[in-house]
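To start, the structure under review is shown below, and the notes come after it.
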Amino acid sequence: MTTEALTTAEYVQHHLNHLTLNLKTMSLGSDGFWTLNLDTFIISLVTGLFIILIMRFVAVRATAGVPGRLQNFVEIILNFVDKSVRDSYHGTSKLIAPLALTIFLWVFMMNLMDLLPVDFLPRAVAPLGMPHFKSVPTADPNMTFAMSITIFALIVFYNFVIKGWHLGREFLTKPFGAYLFPLNVIFRLVEEFVKPLSLALRLFGNMFAGELVFILIALLPWWAQWLPGGIWAIFHILIITIQAFIFMMLTIVYLSMAHDKH
Amino acid sequence: MDINATLLGQLITFIILVWFTMKYVWPPITSAISEREKKIADGLEAGERAKRELELAEHKALDIVRVAKSDAAHIIDLAHKRSVQLVDEAKEDARVEGKRILEQAHEEFARDVSRTKEELRLRLAGLAIAGAEKVIKRNLDATTQANLLDDFVAEL
(Lines give C-alpha, C1' and ligand atoms only; values in the text may rest on other atoms or scores of the structure.)
Protein backbone atom coordinates (compact mmCIF):
# COMPACT_ATOMS: atom_id res chain seq x y z
CA MET A 1 0.00 0.00 0.00
CA THR A 2 1.17 3.48 -0.69
CA THR A 3 0.97 6.21 1.86
CA GLU A 4 -2.50 7.46 1.09
CA ALA A 5 -5.31 5.22 2.25
CA LEU A 6 -6.55 2.96 -0.54
CA THR A 7 -9.90 1.36 -0.96
CA THR A 8 -10.07 -2.40 -1.26
CA ALA A 9 -10.58 -2.25 -5.01
CA GLU A 10 -7.72 0.17 -5.43
CA TYR A 11 -5.42 -2.03 -3.34
CA VAL A 12 -6.20 -5.09 -5.43
CA GLN A 13 -5.94 -3.11 -8.65
CA HIS A 14 -2.61 -1.72 -7.53
CA HIS A 15 -1.23 -5.20 -7.03
CA LEU A 16 -2.38 -6.38 -10.42
CA ASN A 17 -0.39 -3.78 -12.32
CA HIS A 18 2.97 -4.57 -13.77
CA LEU A 19 6.03 -2.41 -13.54
CA THR A 20 6.25 -1.51 -17.21
CA LEU A 21 8.90 -0.01 -19.44
CA ASN A 22 7.92 1.82 -22.58
CA LEU A 23 10.34 0.45 -25.15
CA LYS A 24 9.85 3.38 -27.53
CA THR A 25 10.78 6.08 -25.06
CA MET A 26 12.76 3.81 -22.70
CA SER A 27 10.95 5.23 -19.68
CA LEU A 28 8.50 3.78 -17.19
CA GLY A 29 5.01 3.57 -18.61
CA SER A 30 3.23 1.56 -21.26
CA ASP A 31 2.72 1.89 -25.00
CA GLY A 32 0.64 -0.90 -26.48
CA PHE A 33 2.67 -3.87 -27.66
CA TRP A 34 6.07 -2.24 -27.23
CA THR A 35 5.92 -2.47 -23.47
CA LEU A 36 8.21 -4.56 -21.32
CA ASN A 37 6.96 -5.89 -18.01
CA LEU A 38 10.11 -5.12 -16.07
CA ASP A 39 9.06 -7.05 -12.96
CA THR A 40 8.41 -10.26 -14.91
CA PHE A 41 11.60 -9.77 -16.85
CA ILE A 42 13.84 -9.08 -13.85
CA ILE A 43 12.46 -11.78 -11.54
CA SER A 44 12.50 -14.45 -14.24
CA LEU A 45 16.03 -13.47 -15.13
CA VAL A 46 17.20 -13.56 -11.52
CA THR A 47 15.58 -16.94 -10.84
CA GLY A 48 16.83 -18.29 -14.16
CA LEU A 49 20.39 -17.17 -13.44
CA PHE A 50 20.15 -18.57 -9.91
CA ILE A 51 19.19 -22.01 -11.23
CA ILE A 52 21.71 -22.00 -14.02
CA LEU A 53 24.61 -20.90 -11.83
CA ILE A 54 23.89 -23.54 -9.22
CA MET A 55 23.44 -26.23 -11.84
CA ARG A 56 26.59 -25.16 -13.66
CA PHE A 57 28.48 -25.07 -10.36
CA VAL A 58 27.41 -28.65 -9.69
CA ALA A 59 28.07 -29.71 -13.28
CA VAL A 60 31.64 -28.40 -13.21
CA ARG A 61 32.43 -30.11 -9.94
CA ALA A 62 30.40 -33.26 -10.69
CA THR A 63 32.26 -36.33 -9.59
CA ALA A 64 31.56 -39.97 -10.28
CA GLY A 65 32.81 -40.72 -6.79
CA VAL A 66 30.95 -39.91 -3.60
CA PRO A 67 28.72 -36.90 -4.36
CA GLY A 68 28.39 -33.97 -1.96
CA ARG A 69 25.08 -32.72 -0.58
CA LEU A 70 24.39 -30.25 -3.36
CA GLN A 71 25.37 -32.67 -6.10
CA ASN A 72 23.23 -35.32 -4.50
CA PHE A 73 20.26 -32.97 -4.39
CA VAL A 74 20.71 -31.92 -8.02
CA GLU A 75 21.14 -35.54 -9.05
CA ILE A 76 17.88 -36.50 -7.36
CA ILE A 77 16.01 -33.81 -9.33
CA LEU A 78 17.86 -34.72 -12.50
CA ASN A 79 17.13 -38.42 -12.13
CA PHE A 80 13.48 -37.64 -11.45
CA VAL A 81 13.23 -35.54 -14.62
CA ASP A 82 15.21 -38.09 -16.61
CA LYS A 83 12.92 -40.88 -15.46
CA SER A 84 9.81 -38.86 -16.34
CA VAL A 85 11.24 -38.25 -19.81
CA ARG A 86 12.24 -41.88 -20.33
CA ASP A 87 8.83 -43.11 -19.24
CA SER A 88 6.91 -41.26 -21.92
CA TYR A 89 9.41 -40.17 -24.57
CA HIS A 90 11.12 -42.83 -26.66
CA GLY A 91 12.85 -40.72 -29.29
CA THR A 92 16.53 -39.98 -29.48
CA SER A 93 16.51 -36.20 -29.18
CA LYS A 94 19.07 -34.87 -26.72
CA LEU A 95 16.96 -31.75 -26.20
CA ILE A 96 13.88 -33.08 -24.44
CA ALA A 97 15.40 -33.97 -21.07
CA PRO A 98 17.37 -30.72 -20.53
CA LEU A 99 14.31 -28.81 -21.74
CA ALA A 100 12.13 -30.60 -19.20
CA LEU A 101 14.67 -29.92 -16.45
CA THR A 102 14.87 -26.23 -17.29
CA ILE A 103 11.09 -25.92 -17.38
CA PHE A 104 10.63 -27.74 -14.09
CA LEU A 105 13.22 -25.77 -12.14
CA TRP A 106 12.51 -22.40 -13.66
CA VAL A 107 8.75 -22.63 -13.35
CA PHE A 108 9.15 -23.90 -9.80
CA MET A 109 11.43 -21.02 -8.83
CA MET A 110 9.14 -18.42 -10.42
CA ASN A 111 6.10 -19.99 -8.75
CA LEU A 112 8.01 -19.90 -5.48
CA MET A 113 7.98 -16.09 -5.65
CA ASP A 114 4.29 -16.42 -4.87
CA LEU A 115 5.22 -17.39 -1.30
CA LEU A 116 6.92 -14.05 -0.69
CA PRO A 117 4.60 -11.72 1.23
CA VAL A 118 2.47 -9.86 -1.33
CA ASP A 119 3.68 -6.44 -0.23
CA PHE A 120 7.33 -7.37 0.26
CA LEU A 121 8.81 -6.72 -3.18
CA PRO A 122 6.47 -3.80 -4.09
CA ARG A 123 7.43 -2.06 -0.82
CA ALA A 124 11.11 -2.85 -1.33
CA VAL A 125 11.28 -1.26 -4.77
CA ALA A 126 8.91 1.64 -4.06
CA PRO A 127 11.73 3.90 -2.79
CA LEU A 128 13.47 3.37 -6.16
CA GLY A 129 10.57 5.14 -7.86
CA MET A 130 8.83 2.03 -9.09
CA PRO A 131 5.07 2.39 -8.61
CA HIS A 132 4.10 -1.23 -9.20
CA PHE A 133 5.76 -4.59 -8.85
CA LYS A 134 4.31 -8.03 -9.48
CA SER A 135 6.66 -10.57 -8.05
CA VAL A 136 5.33 -13.75 -9.71
CA PRO A 137 6.46 -14.01 -13.34
CA THR A 138 4.30 -17.08 -13.97
CA ALA A 139 1.22 -15.02 -13.12
CA ASP A 140 2.05 -12.97 -16.19
CA PRO A 141 0.63 -14.52 -19.40
CA ASN A 142 3.61 -13.14 -21.32
CA MET A 143 5.85 -15.47 -19.36
CA THR A 144 3.72 -18.59 -19.69
CA PHE A 145 2.97 -17.96 -23.37
CA ALA A 146 6.65 -17.38 -24.09
CA MET A 147 7.36 -20.90 -22.86
CA SER A 148 4.34 -22.56 -24.45
CA ILE A 149 5.00 -20.90 -27.82
CA THR A 150 8.59 -22.15 -27.77
CA ILE A 151 7.28 -25.61 -27.01
CA PHE A 152 4.68 -25.27 -29.76
CA ALA A 153 7.46 -24.36 -32.18
CA LEU A 154 9.32 -27.49 -31.12
CA ILE A 155 6.16 -29.59 -31.56
CA VAL A 156 5.74 -28.28 -35.10
CA PHE A 157 9.44 -28.76 -35.81
CA TYR A 158 9.50 -32.37 -34.65
CA ASN A 159 6.22 -33.11 -36.42
CA PHE A 160 7.77 -32.07 -39.72
CA VAL A 161 11.25 -33.52 -39.16
CA ILE A 162 10.22 -36.89 -37.77
CA LYS A 163 7.08 -37.56 -39.76
CA GLY A 164 7.86 -35.85 -43.06
CA TRP A 165 5.22 -36.67 -45.68
CA HIS A 166 3.53 -38.95 -43.23
CA LEU A 167 2.33 -35.84 -41.41
CA GLY A 168 0.15 -34.87 -44.37
CA ARG A 169 -1.56 -38.25 -44.38
CA GLU A 170 -2.06 -38.00 -40.65
CA PHE A 171 -3.67 -34.58 -41.05
CA LEU A 172 -6.06 -35.81 -43.73
CA THR A 173 -7.04 -39.27 -42.52
CA LYS A 174 -7.04 -39.16 -38.72
CA PRO A 175 -9.18 -39.61 -36.73
CA PHE A 176 -12.28 -40.00 -38.96
CA GLY A 177 -10.86 -41.62 -42.08
CA ALA A 178 -10.04 -40.24 -45.54
CA TYR A 179 -13.65 -39.36 -46.55
CA LEU A 180 -14.08 -36.81 -43.83
CA PHE A 181 -10.74 -35.10 -44.48
CA PRO A 182 -11.97 -31.46 -43.98
CA LEU A 183 -13.22 -32.42 -40.56
CA ASN A 184 -9.93 -34.19 -39.84
CA VAL A 185 -7.90 -31.11 -40.75
CA ILE A 186 -10.01 -28.84 -38.56
CA PHE A 187 -9.88 -31.34 -35.75
CA ARG A 188 -6.14 -31.68 -35.95
CA LEU A 189 -5.54 -27.92 -36.16
CA VAL A 190 -7.67 -27.30 -33.10
CA GLU A 191 -5.92 -30.13 -31.29
CA GLU A 192 -2.49 -28.72 -32.04
CA PHE A 193 -3.28 -25.09 -31.23
CA VAL A 194 -5.02 -25.97 -28.00
CA LYS A 195 -1.77 -27.44 -26.71
CA PRO A 196 0.21 -24.21 -26.19
CA LEU A 197 -2.94 -22.38 -25.16
CA SER A 198 -3.87 -24.84 -22.42
CA LEU A 199 -0.25 -25.13 -21.31
CA ALA A 200 0.14 -21.37 -20.88
CA LEU A 201 -3.32 -20.62 -19.50
CA ARG A 202 -3.25 -23.42 -16.92
CA LEU A 203 -0.07 -22.17 -15.31
CA PHE A 204 -1.05 -18.52 -15.60
CA GLY A 205 -4.53 -19.18 -14.18
CA ASN A 206 -3.26 -21.13 -11.21
CA MET A 207 -0.59 -18.63 -10.28
CA PHE A 208 -2.77 -15.59 -10.89
CA ALA A 209 -5.56 -17.00 -8.77
CA GLY A 210 -3.11 -17.99 -6.04
CA GLU A 211 -1.66 -14.51 -5.96
CA LEU A 212 -5.11 -12.98 -5.88
CA VAL A 213 -6.07 -15.08 -2.86
CA PHE A 214 -2.92 -13.88 -1.09
CA ILE A 215 -3.84 -10.27 -1.91
CA LEU A 216 -7.34 -10.82 -0.53
CA ILE A 217 -5.90 -12.39 2.62
CA ALA A 218 -3.64 -9.34 2.98
CA LEU A 219 -6.81 -7.21 3.10
CA LEU A 220 -7.92 -8.88 6.34
CA PRO A 221 -7.14 -7.23 9.67
CA TRP A 222 -3.61 -8.08 10.80
CA TRP A 223 -4.73 -10.41 13.60
CA ALA A 224 -6.86 -12.53 11.26
CA GLN A 225 -4.29 -12.99 8.51
CA TRP A 226 -2.13 -15.76 9.96
CA LEU A 227 -4.70 -18.57 9.78
CA PRO A 228 -5.95 -18.28 6.17
CA GLY A 229 -2.52 -17.03 5.10
CA GLY A 230 -0.81 -20.03 6.66
CA ILE A 231 -3.27 -22.53 5.26
CA TRP A 232 -3.16 -21.05 1.78
CA ALA A 233 0.66 -20.81 1.81
CA ILE A 234 1.06 -24.45 2.85
CA PHE A 235 -1.47 -25.52 0.25
CA HIS A 236 0.32 -23.34 -2.27
CA ILE A 237 3.62 -25.16 -1.71
CA LEU A 238 1.82 -28.15 -3.17
CA ILE A 239 0.30 -26.16 -6.01
CA ILE A 240 3.52 -24.52 -7.21
CA THR A 241 5.30 -27.87 -7.29
CA ILE A 242 2.45 -29.62 -9.03
CA GLN A 243 2.07 -26.84 -11.59
CA ALA A 244 5.78 -26.95 -12.37
CA PHE A 245 5.55 -30.73 -12.68
CA ILE A 246 2.44 -30.59 -14.89
CA PHE A 247 4.03 -28.03 -17.19
CA MET A 248 7.10 -30.25 -17.53
CA MET A 249 5.12 -33.46 -17.93
CA LEU A 250 2.78 -32.04 -20.60
CA THR A 251 5.77 -30.68 -22.51
CA ILE A 252 7.27 -34.16 -22.56
CA VAL A 253 3.99 -35.76 -23.56
CA TYR A 254 3.29 -33.24 -26.35
CA LEU A 255 6.79 -33.64 -27.74
CA SER A 256 6.61 -37.43 -27.61
CA MET A 257 3.27 -37.22 -29.43
CA ALA A 258 5.01 -35.15 -32.09
CA HIS A 259 7.47 -38.04 -32.47
CA ASP A 260 4.96 -40.89 -32.60
CA LYS A 261 3.47 -41.80 -35.95
CA HIS A 262 -0.17 -42.74 -35.85
CA MET B 1 -3.77 -9.62 -19.08
CA ASP B 2 -2.24 -7.83 -21.99
CA ILE B 3 0.27 -9.49 -24.26
CA ASN B 4 3.18 -7.21 -25.06
CA ALA B 5 6.89 -7.26 -25.90
CA THR B 6 7.61 -9.03 -22.63
CA LEU B 7 6.59 -12.17 -24.51
CA LEU B 8 9.52 -11.76 -26.89
CA GLY B 9 11.95 -11.06 -24.06
CA GLN B 10 10.83 -14.11 -22.12
CA LEU B 11 10.95 -16.22 -25.27
CA ILE B 12 14.60 -15.34 -25.78
CA THR B 13 15.41 -15.84 -22.09
CA PHE B 14 13.72 -19.23 -22.13
CA ILE B 15 15.61 -20.38 -25.22
CA ILE B 16 18.93 -19.25 -23.74
CA LEU B 17 18.22 -21.07 -20.47
CA VAL B 18 17.29 -24.27 -22.26
CA TRP B 19 20.33 -24.02 -24.52
CA PHE B 20 22.63 -23.47 -21.56
CA THR B 21 21.15 -26.37 -19.64
CA MET B 22 21.40 -28.64 -22.66
CA LYS B 23 24.97 -27.64 -23.41
CA TYR B 24 26.65 -27.08 -20.05
CA VAL B 25 24.52 -28.58 -17.29
CA TRP B 26 22.89 -31.79 -18.41
CA PRO B 27 25.81 -33.67 -20.02
CA PRO B 28 28.40 -33.38 -17.20
CA ILE B 29 25.96 -34.37 -14.48
CA THR B 30 24.42 -37.28 -16.38
CA SER B 31 27.84 -38.56 -17.40
CA ALA B 32 28.97 -38.40 -13.76
CA ILE B 33 25.86 -40.32 -12.74
CA SER B 34 26.24 -43.01 -15.37
CA GLU B 35 29.95 -43.29 -14.62
CA ARG B 36 29.14 -43.82 -10.95
CA GLU B 37 26.50 -46.38 -11.87
CA LYS B 38 29.11 -48.22 -13.90
CA LYS B 39 31.56 -48.05 -11.01
CA ILE B 40 29.01 -49.49 -8.63
CA ALA B 41 28.08 -52.23 -11.07
CA ASP B 42 31.77 -53.07 -11.53
CA GLY B 43 32.27 -53.12 -7.78
CA LEU B 44 29.35 -55.47 -7.27
CA GLU B 45 30.58 -57.73 -10.03
CA ALA B 46 34.10 -57.75 -8.55
CA GLY B 47 32.64 -58.67 -5.16
CA GLU B 48 30.69 -61.51 -6.70
CA ARG B 49 33.78 -62.74 -8.52
CA ALA B 50 35.86 -62.55 -5.33
CA LYS B 51 33.22 -64.62 -3.56
CA ARG B 52 33.37 -67.29 -6.24
CA GLU B 53 37.15 -67.29 -6.13
CA LEU B 54 37.11 -67.62 -2.38
CA GLU B 55 34.83 -70.64 -2.66
CA LEU B 56 37.16 -72.22 -5.20
CA ALA B 57 40.17 -71.53 -2.99
CA GLU B 58 38.40 -73.08 -0.03
CA HIS B 59 37.69 -76.21 -2.04
CA LYS B 60 41.29 -76.35 -3.17
CA ALA B 61 42.55 -75.88 0.39
CA LEU B 62 40.33 -78.72 1.60
CA ASP B 63 41.67 -80.96 -1.16
CA ILE B 64 45.24 -80.11 -0.22
CA VAL B 65 44.58 -80.81 3.45
CA ARG B 66 42.98 -84.15 2.59
CA VAL B 67 45.95 -85.20 0.43
CA ALA B 68 48.38 -84.07 3.13
CA LYS B 69 46.48 -86.05 5.74
CA SER B 70 46.58 -89.25 3.72
CA ASP B 71 50.27 -88.67 2.94
CA ALA B 72 51.01 -88.19 6.62
CA ALA B 73 49.11 -91.36 7.51
CA HIS B 74 51.08 -93.26 4.92
CA ILE B 75 54.39 -91.91 6.22
CA ILE B 76 53.50 -92.73 9.82
CA ASP B 77 52.60 -96.25 8.73
CA LEU B 78 55.94 -96.64 6.99
CA ALA B 79 57.78 -95.30 10.04
CA HIS B 80 55.98 -97.80 12.24
CA LYS B 81 56.96 -100.67 10.03
CA ARG B 82 60.52 -99.44 9.85
CA SER B 83 60.80 -99.05 13.61
CA VAL B 84 59.47 -102.58 14.19
CA GLN B 85 61.96 -103.83 11.67
CA LEU B 86 64.81 -101.93 13.37
CA VAL B 87 63.91 -103.31 16.77
CA ASP B 88 63.84 -106.84 15.35
CA GLU B 89 67.20 -106.32 13.74
CA ALA B 90 68.68 -104.94 16.95
CA LYS B 91 67.32 -107.93 18.87
CA GLU B 92 68.86 -110.33 16.39
CA ASP B 93 72.20 -108.50 16.52
CA ALA B 94 72.20 -108.51 20.29
CA ARG B 95 71.44 -112.23 20.36
CA VAL B 96 74.28 -113.06 17.97
CA GLU B 97 76.70 -110.78 19.79
CA GLY B 98 75.76 -112.25 23.16
CA LYS B 99 76.29 -115.75 21.85
CA ARG B 100 79.65 -114.77 20.46
CA ILE B 101 80.79 -113.21 23.75
CA LEU B 102 79.61 -116.27 25.60
CA GLU B 103 81.56 -118.58 23.35
CA GLN B 104 84.64 -116.41 23.70
CA ALA B 105 84.32 -116.52 27.47
CA HIS B 106 83.96 -120.30 27.35
CA GLU B 107 87.09 -120.61 25.22
CA GLU B 108 89.09 -118.31 27.49
CA PHE B 109 87.92 -120.19 30.52
CA ALA B 110 88.93 -123.50 28.95
CA ARG B 111 92.31 -122.06 28.05
CA ASP B 112 92.85 -120.78 31.61
CA VAL B 113 91.92 -124.17 33.02
CA SER B 114 94.35 -126.06 30.83
CA ARG B 115 97.11 -123.56 31.54
CA THR B 116 96.54 -123.77 35.23
CA LYS B 117 96.51 -127.53 35.02
CA GLU B 118 99.88 -127.41 33.20
CA GLU B 119 101.34 -125.10 35.82
CA LEU B 120 100.04 -127.14 38.62
CA ARG B 121 101.43 -130.22 36.99
CA LEU B 122 104.87 -128.62 36.70
CA ARG B 123 104.83 -127.43 40.29
CA LEU B 124 103.62 -130.74 41.54
CA ALA B 125 106.39 -132.41 39.61
CA GLY B 126 108.91 -130.01 41.18
CA LEU B 127 107.51 -130.72 44.62
CA ALA B 128 107.51 -134.44 44.00
CA ILE B 129 111.07 -134.34 42.90
CA ALA B 130 112.07 -132.26 45.90
CA GLY B 131 110.21 -134.74 48.07
CA ALA B 132 111.89 -137.63 46.36
CA GLU B 133 115.24 -135.93 46.77
CA LYS B 134 114.71 -135.69 50.44
CA VAL B 135 113.53 -139.28 50.58
CA ILE B 136 116.49 -140.85 48.99
CA LYS B 137 118.83 -138.28 50.53
CA ARG B 138 121.19 -138.52 47.73
CA ASN B 139 121.95 -136.66 44.66
CA LEU B 140 121.13 -138.13 41.37
CA ASP B 141 123.01 -136.92 38.35
CA ALA B 142 121.36 -134.34 36.24
CA THR B 143 120.46 -136.67 33.43
CA THR B 144 118.80 -139.18 35.67
CA GLN B 145 116.95 -136.39 37.46
CA ALA B 146 115.65 -135.04 34.22
CA ASN B 147 114.57 -138.50 33.10
CA LEU B 148 112.87 -139.16 36.39
CA LEU B 149 111.09 -135.80 36.17
CA ASP B 150 109.85 -136.48 32.72
CA ASP B 151 108.56 -139.89 33.72
CA PHE B 152 106.84 -138.40 36.65
CA VAL B 153 105.27 -135.68 34.64
CA ALA B 154 104.04 -138.15 32.10
CA GLU B 155 102.44 -140.15 34.85
CA LEU B 156 100.52 -137.27 36.19
Side-chain angles (χ1 to χ4, degrees), chain A residues 16 18 20-21 23 30-41 44-45 48-49 51-52 54-56 58-67 71 74-75 78-79 81-82 94-99 101-103 105-106 137 139-147 149-151 153 204 208, chain B residues 1-69 71:
Chain A
L16 294 184
H18 281 286
T20 50
L21 178 72
L23 287 175
S30 57
D31 183 13
F33 181 78
W34 292 109
T35 307
L36 185 68
N37 294 345
L38 269 182
D39 40 14
T40 302
F41 191 69
S44 64
L45 213 61
L49 282 178
I51 297 162
I52 265 190
I54 285 185
M55 298 300 274
R56 180 62 188 160
V58 171
V60 168
R61 293 163 30 122
T63 163
V66 181
Q71 191 188 339
V74 169
E75 278 181 13
L78 206 131
N79 273 328
V81 172
D82 198 38
K94 292 264 175 278
L95 170 70
I96 311 299
L99 174 76
L101 179 70
T102 312
I103 288 173
L105 289 177
W106 202 27
D140 179 355
N142 287 303
M143 182 66 235
T144 58
F145 271 108
M147 285 191 288
I149 287 171
T150 314
I151 291 159
F204 160 71
F208 186 81
Chain B
M1 55 173 277
D2 33 332
I3 296 294
N4 52 32
T6 313
L7 181 74
L8 301 178
Q10 296 309 97
L11 228 140
I12 294 163
T13 314
F14 181 54
I15 289 168
I16 290 172
L17 282 184
V18 171
W19 169 79
F20 189 89
T21 307
M22 191 174 84
K23 194 101 179 165
Y24 297 107
V25 171
W26 189 268
I29 300 180
T30 45
S31 73
I33 291 175
S34 56
E35 200 178 315
R36 187 180 317 119
E37 273 169 358
K38 195 177 163 301
K39 260 189 190 172
I40 292 171
D42 286 355
L44 287 176
E45 198 194 326
E48 203 64 33
R49 208 167 46 231
K51 220 166 103 186
R52 272 204 306 278
E53 269 164 19
L54 181 68
E55 244 165 53
L56 270 177
E58 268 171 0
H59 272 298
K60 208 178 265 179
L62 279 178
D63 279 355
I64 289 170
V65 166
R66 206 164 50 235
V67 169
K69 265 186 185 161
D71 276 4

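To find a chain, count down the sequence lines: A is the first, B the second, and so on, and within it residues start at 1.
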For the pair A:Met55 and B:Phe20, evaluate side chain to side chain contact (heavy atoms under 4.5 Å, CB included) and give the outcome as yes or no after the intermediate values. CA-CA 10 Å; A:Met55 298 300 274; B:Phe20 189 89; over 6 Å; no
Working note: A:Leu99 + B:Met22, criterion side chain to side chain contact (heavy atoms under 4.5 Å, CB included); need CA distance, chi angles, decisive distance, verdict. CA-CA 7 Å; A:Leu99 174 76; B:Met22 191 174 84; over 6 Å; no
B:Val18 versus A:Thr150: any side-chain heavy-atom pair under 4.5 Å? no
So B:Thr13 and A:Phe41, do their side chains get closer than 4.5 Å, heavy atoms only? yes
What is the distance from atom NZ of A:Lys94 to atom OG1 of B:Thr30, rounded to the nearest 0.5 Å? 9.0 Å
Given that the side chain runs from C-beta out, which part of B:Leu8 has a heavy atom under 4.5 Å from chain A: side chain, backbone, both or neither? side chain
Under the side chain to side chain contact (heavy atoms under 4.5 Å, CB included) criterion, do A:Trp106 and B:Thr21 qualify, and how do the steps go? CA-CA 11 Å; A:Trp106 202 27; B:Thr21 307; over 6 Å; no
Against chain B, work out which of A:Thr144, A:Leu101, A:Leu23 has the most heavy-atom pairs shorter than 4.5 Å and name it. A:Leu101
If one checks every heavy atom of A:Asp82 against chain B at 4.5 Å, the contacting part turns out to be both
Heavy-atom side-chain proximity of B:Trp26 to A:Leu95 below 4.5 angstrom: no
What closest approach, in Å, do B:Leu11 and A:Ala146 show between heavy atoms, and which atom pair accounts for it? N-CB, 3.5 Å
Atom pair CD1 (A:Ile151) and CZ (B:Phe14), whose distance is rounded to the nearest 0.5 Å: 5.0 Å
Where on A:Ala97 is there a heavy atom nearer than 4.5 Å to chain B: the side chain, the backbone, both, or neither? both
Chain B heavy atoms under 4.5 Å from A:Leu36: which part of the residue, side chain, backbone, both or neither? both
Here the gap from A:Gln71 atom CD to B:Arg36 atom CZ, rounded to the nearest 0.5 Å, amounts to 5.5 Å
Please confirm whether the backbone N or O of A:Asn37 pairs with a side-chain atom of B:Thr6, one donor and one acceptor, at under 3.5 Å? yes
Going by atom types alone, do A:Thr40 and B:Gln10 pair a side-chain donor with an acceptor below 3.5 Å? no
Indicate yes or no: at least one non-hydrogen side-chain atom of A:Val60 is less than 4.5 angstrom from one of B:Pro28. no
Output the distance between atom CD1 (B:Ile3) and atom CZ (A:Phe33), rounded to the nearest 0.5 Å. 8.5 Å
Nearest 0.5 Å, what's the CD1-CE distance between B:Ile15 and A:Met147? 12.5 Å
Rounded to the nearest 0.5 angstrom, the CD1-OG1 distance for B:Ile29 and A:Thr63 is 12.5 Å
Heavy-atom contacts under 4.5 Å, residues 43-67 of chain B to chain A: none
Does any backbone or side-chain atom of B:Leu17 lie under 4.5 Å from a heavy atom of chain A? Answer side chain, backbone, both or neither. both
